[in-house]
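Down below is the structure, laid out as C-alpha cells.
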Amino acid sequence: MKQNNILKVREEKYQSRINALETLAAGATEENEVVASWVQQLKVSLQLEQSKFEEKKKLEEQDFSRLKKEKVRNEIEVSTLKKELEMIRRTHEEHVLQLESQATESKVEYLKRISELESLLADARKQVKELETYSESRSVNWKNKERTYLSFVDCQSRAFQELRAAMKSVKNEVIKTKRSYLEDFKYFGTKLKTLADAAENYHVVLAENRKLYNEVQDLKGNIRVYCRIRPFLPGQNQNHSTIEFAGEDGELIVNNPIKQGKDSRKLFKFNKVFSQAASQEEVFKDTQPLIRSVLDGYNVCIFAYGQTGAGKTYTMSGPSLSSKSDWGVNYRALHDLFHISHSRRSSIMYEIGVQMVEIYNEQVRDLLSTNGPQKRLGIWNTTQPNGLAVPDASMHSVNSMTDVLELMNIGMTNRATSATALNERSSRSHSVLSIHVRGNDLKTNTLLRGCLHLVDLAGSERVDRSEATGDRLKEAQHINKSLSALGDVIFALAQKSSHVPYRNSKLTQLLQSSLGGQAKTLMFVQLNPDVASYSETISTLKFAERVSGVELGAARSNKEGKDVRELMEQVASLKDAIARKDEEIERLESVKVNHNGAKLGMISPRHFPSSPRRHSMGSPRHSLKLSGTRRIGARDKATHDADNCSEYSDRQSEAGSPRSVDDLRRHKSNSLQMKLAREDNDQNFNEDIDLLGFGDADSEERLSDISDGELSMGTETDSISSIVEYTLFPEFEKATEITPAKNTTVDNLPPQSVEKPIMPSKIPKAPQVSSKLPTRSARLSLNRTSSLSNSSVRKQTAGSSSSAKPSKRWQ
Ligand SMILES: Nc1ncnc2c1ncn2[C@@H]1O[C@H](COP(=O)(O)OP(=O)(O)OP(=O)(O)O)[C@@H](O)[C@H]1O
C-alpha cells in the first residue's frame, strides 16, 4: 500500500514536469527543438523509467502478494502468540499473587526483624554511649597518665642528665683514684718488700709468742683444779643441796645438812668453780689454753675425779656424740688440736695419734683394739717423751673429727662389752684417752712432742662405805689403791719429795709423764650436790684441795733440736755398749741362779727371772700376806731392797741425770740379789702378785721394771728419756728420718692414707724374753750401731706388728 502511494506520488511528479516542459517547448522553437530533443531524451528515459517502474511494480506486486501471505501467516502467529501471552499473563498473575502473599509474609517478618534490630540498635547505641563515656574517662585517664609519664620522663631525663654528669665526675674520680692506687701500689710494693724482710723473722716471733703464751700458762700454775657441780637429776630432792655458794673466783661453800651453826659450813678454794648451770662449752673454754700447750710440745693431763654419778663422764666425753653442744672435753680438745694444727700447717707439720686404754683391777687393756679389749698391756715406767707409756696399745692416726668419733665409738663399744660382763664397769675402771702430737717445725727442723692424757677416773667412793664384798670389794680396793696412789704422787710432788711413788699403781705409772715437773695438769673435781653424798663430797673436796696446793714448777716443752738429737744418738750408742756388757753379766748371773735353783729345787719356773726386770714385783704391799717368820724376814729384806731400788729409780728420775756405768752395774747386782731373795717365797705371794697385776709373766711386768733396774735414767729429762726410747725401740730410728716432704701431715692427707700407713696401729712390741730371743739388755743393744747384727730380731718384731697394719713408726 505504502509502495503504491509512493509510486503514485512519483508518477504525479513526473507528469507535472512533463507538463512544465511542454509549456516551455511551446515557448521557443530553438529552444523547442533543444527542448524537443531533451524532451525526446526525457521521453526515452521516461520510457526506460517506465519499463523499470513496470518491472518494479511487478516485483512489488509479487512482494505484496508474498507480504499478504506473510501477513496471514503472521496473523496466525500473532493469534498463537496472543494465546500464549494470555497464558503467560495468567501464570504471571498467579505468580504475582504468590509473590504478593510471600511479600506480605516477608514484610511481617521484616517488620519483626526491624523491631528487633531497632532494639539491638538501641542497645548498641546505649553501649556506644557507655563506651564513649568510658573511652572518654579512659582518654582523660590516659591524658593524666601521659601527663604523669611526660613529667616522669622529664624527671628521668633530668636525672639521667644528672647521672651522666655524676658519671663523668665519677669517671674523673676513678681516673684520679686509679692514679692514686697506682701510687699506693708502688708504696705498698715497697712496704711489702719490707714486710717480706720482716716475715723472715716471723718464725722467731712466733716461737717467742708460743714461749710467752706458755709462760703465762706456767704463771697460772701447772696444776689446776676446776670444780664442777652436777645439776640435780630428775627424781632427786632439789630443795636440799650441799652446795651453798659457788663463786666465780673459785670459792665454794659446802653446807653440812646435819650440823648446825658455824661448823656446818666449809670453805674451799679452787682455780675455778663451775656451777650447775655451766655448759660444756663454758667448761671447755677454761681448758682450752692447755690444749694449745700440747701443740707447743708440753705434756698435759686432764682428769675427772669424783664419786660415781658425779658427772665425770659427762665432763670428759659428754652425754652424747650426736650433738656438738654436748661434746665433752675429749672431743672439744681433739677438735681444737685439729683446728690449731691446721692453722699452723705453714710452719709446723703435725701428726696426731690416739690411744685409749682402760685400767680395771690394775690391768691395762686396749680399748681401741679391733679384737676387743681383752689383751692385758704393760706400762713402760721409763717415761717416754712421746708419752707412749703403753706402747702395746694400738695407736691410731687421726685426721679429722670423723676419725675421732669412729674411734671413740670403738672405745665405747669395747668398754660397754666389758661392762655387760662386769656390770657397770665404766664406774669402776679408769679410762685414759692419750693423744700424741708430733710436730715438725719446718723452719728450724725442731721436733715437738706433746701428749694429752684425758682421764675419766673410776668413782671415788670409799670402800668402807660401799660395804662391798667379793669382786666388788676387789674392784673397790683397786680403785682406792690407784686413787690414793694418785693422791700420794700429787702429795709427794707438793712436798717436793725426792721420791715420788709413781709405781704404786698402774694409773700413776701411766700418767707419770703428765704428773711430773714438766707437765701441766688439770683436775676436774666433780660434785654431786645431793645431801646423801655429803661425806663423799667432802672427801672429794679434801682430795682436790690437797691437789690444788701442789706446785709443780715450770713446765718444760718436749722440744728436740737437731743438735740435741745428734747428741742423744751419741749417748744412745754409748748406752748400748753398756747394755751389751750388762747383758753378758745378766746372762752369767741367770745361768748361775738356774744352776743353784735346779740344785735346790726351790725356784718355781714361773718366777724364774728370765729377765732382770722381774724384780719390779717388789712392793711394800707384798709383805702383807706372807706367813712364816723366815719368809717374812727374807721378804722384808727383799721389800726393803725393792723400795730402795724404787726410790733409787725414782730419785734418778727426779734428778733426771744419767748414772754412771758403775752405778748401773752396782744397782743391777743389788736388784738381782733382791730378786733372788723374793723368788724364795711361797704361792701366797703369787696371789698377791696376781691381785696387783704383776703375777702374769707377760710383758707388762717386764716393761714396768725397766725404770727399776739399770735404766731408770731421767724419766723427766727429755734427752735421757729419748735415749731410752732410741735404745728400747731401735725400730723407731727410721721414724726420725722422716723428712717434711715425705712426712704426710694431718692436714694434707686423705683420711684413709693417714689412718693406716702413717702411724703405727701398734707400737712394735719389745721382743719376748725367751731363751732364743735376746733379753732386755739384748734388746737394749738393738740400737743404730748394732742394728745390722740384730736385723733378724728386728724384722721379726717389726713384721709382727706391721703385718697387721703396715704403718710408719710413732717416734
Ligand atoms: N653437768 C651435767 N648436766 C646435766 N647432767 C649431768 C651433768 N653431769 C652429769 N650429769 C648426768 O648425771 C648422770 C651421771 O653422770 P656421769 O655418768 O657422767 O657420772 P660419772 O661420774 O661419770 O659416773 P661413773 O663414775 O659411774 O662413770 C648422767 O645421767 C649424766 O647425764
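Just so you know, ligand 1 is whichever comes first in the structure, and atom 1 is the first atom listed for that ligand. For this chain, numbers begin at 1 and follow the sequence in order.
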For the residue pair Trp327 and Tyr331, categorise the inter-ring angle as parallel (less than 30°), tilted (30 to 60°) or perpendicular (more than 60°).
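Tilted: the ring planes of Trp327 and Tyr331 meet at 30° to 60°.
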Sort and list the pairs that fulfil ring pair (Phe, Tyr, Trp, His ring centres under 6.0 Å) and have at least one residue in residues 519-543, not counting sequence neighbours.
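For residues 519-543: Tyr226-Phe524, Tyr305-Phe543.
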Purely on distance, is any nitrogen or oxygen of [X] under 3.5 Å from one on ligand 1?
X	result
Leu233	no
Leu457	no
Thr313	yes
Tyr314	yes

If you take all heavy atoms of Glu362 and Ser482, which pair is closest and at what distance?
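Closest heavy-atom pair between Glu362 and Ser482: OE2-CB, 3.8 Å.
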Show the nearest heavy-atom pair for residues Lys312 and Gly459, with the distance to one decimal.
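It is NZ-CA, 3.6 Å.
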Assess whether a salt bridge exists between Arg344 and Asp296, defined as any Lys/Arg side-chain N lying under 4.0 Å from an Asp/Glu carboxylate O.
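Yes, charged N to carboxylate O under 4.0 Å.
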Note: Glu351-Arg438 ion pair, threshold 4.0 Å (strictly below)
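Yes, charged N to carboxylate O under 4.0 Å.
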Counting heavy atoms only, which part of Thr315 comes closer than 4.0 Å to ligand 1: side chain, backbone, both or neither?
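Neither part.
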Counting only heavy atoms closer than 4.0 Å, does ligand 1 sit against the backbone of Arg228, its side chain, both, or neither?
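The part of Arg228 near ligand 1 is the side chain, not the backbone.
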Which of the ligand 1 atoms, numbered from 1, are nearer than 4.0 Å to a heavy atom of [X]:
X	value
Gln307	21 (O)
Arg230	6 (C), 7 (C), 8 (N), 9 (C), 10 (N), 12 (O)
Gly309	14 (C), 19 (O), 20 (P), 21 (O), 23 (O), 24 (P), 25 (O), 26 (O)

Could you work out, for atom 25 (O) of ligand 1, the closest of Gln526, Met316, Lys312 by heavy-atom distance?
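It is Lys312 whose heavy atom sits nearest to atom 25 (O) of ligand 1.
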Can you list the residues that meet the salt bridge (Lys or Arg N to Asp or Glu O under 4.0 Å) rule with Asp286, with sequence neighbours excluded?
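Result, salt bridge (Lys or Arg N to Asp or Glu O under 4.0 Å) vs Asp286: Lys272.
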Check contact between Pro231 and ligand 1, using heavy atoms of the residue and a distance below 4.0 angstrom.
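Yes, that is the case, since the closest heavy atom of the residue is under 4.0 Å from the ligand.
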Answer yes or no for Gln280: is there a heavy-atom contact with ligand 1 below 4.0 Å?
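The answer is no, since Gln280 has no heavy atom less than 4.0 Å from ligand 1.
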Evaluation steps, side chain to side chain contact (heavy atoms under 4.5 Å, CB included), between Ile352 and Phe338:
CA-CA 8 Å; Ile352 300 174; Phe338 287 131; 3.9 Å; yes
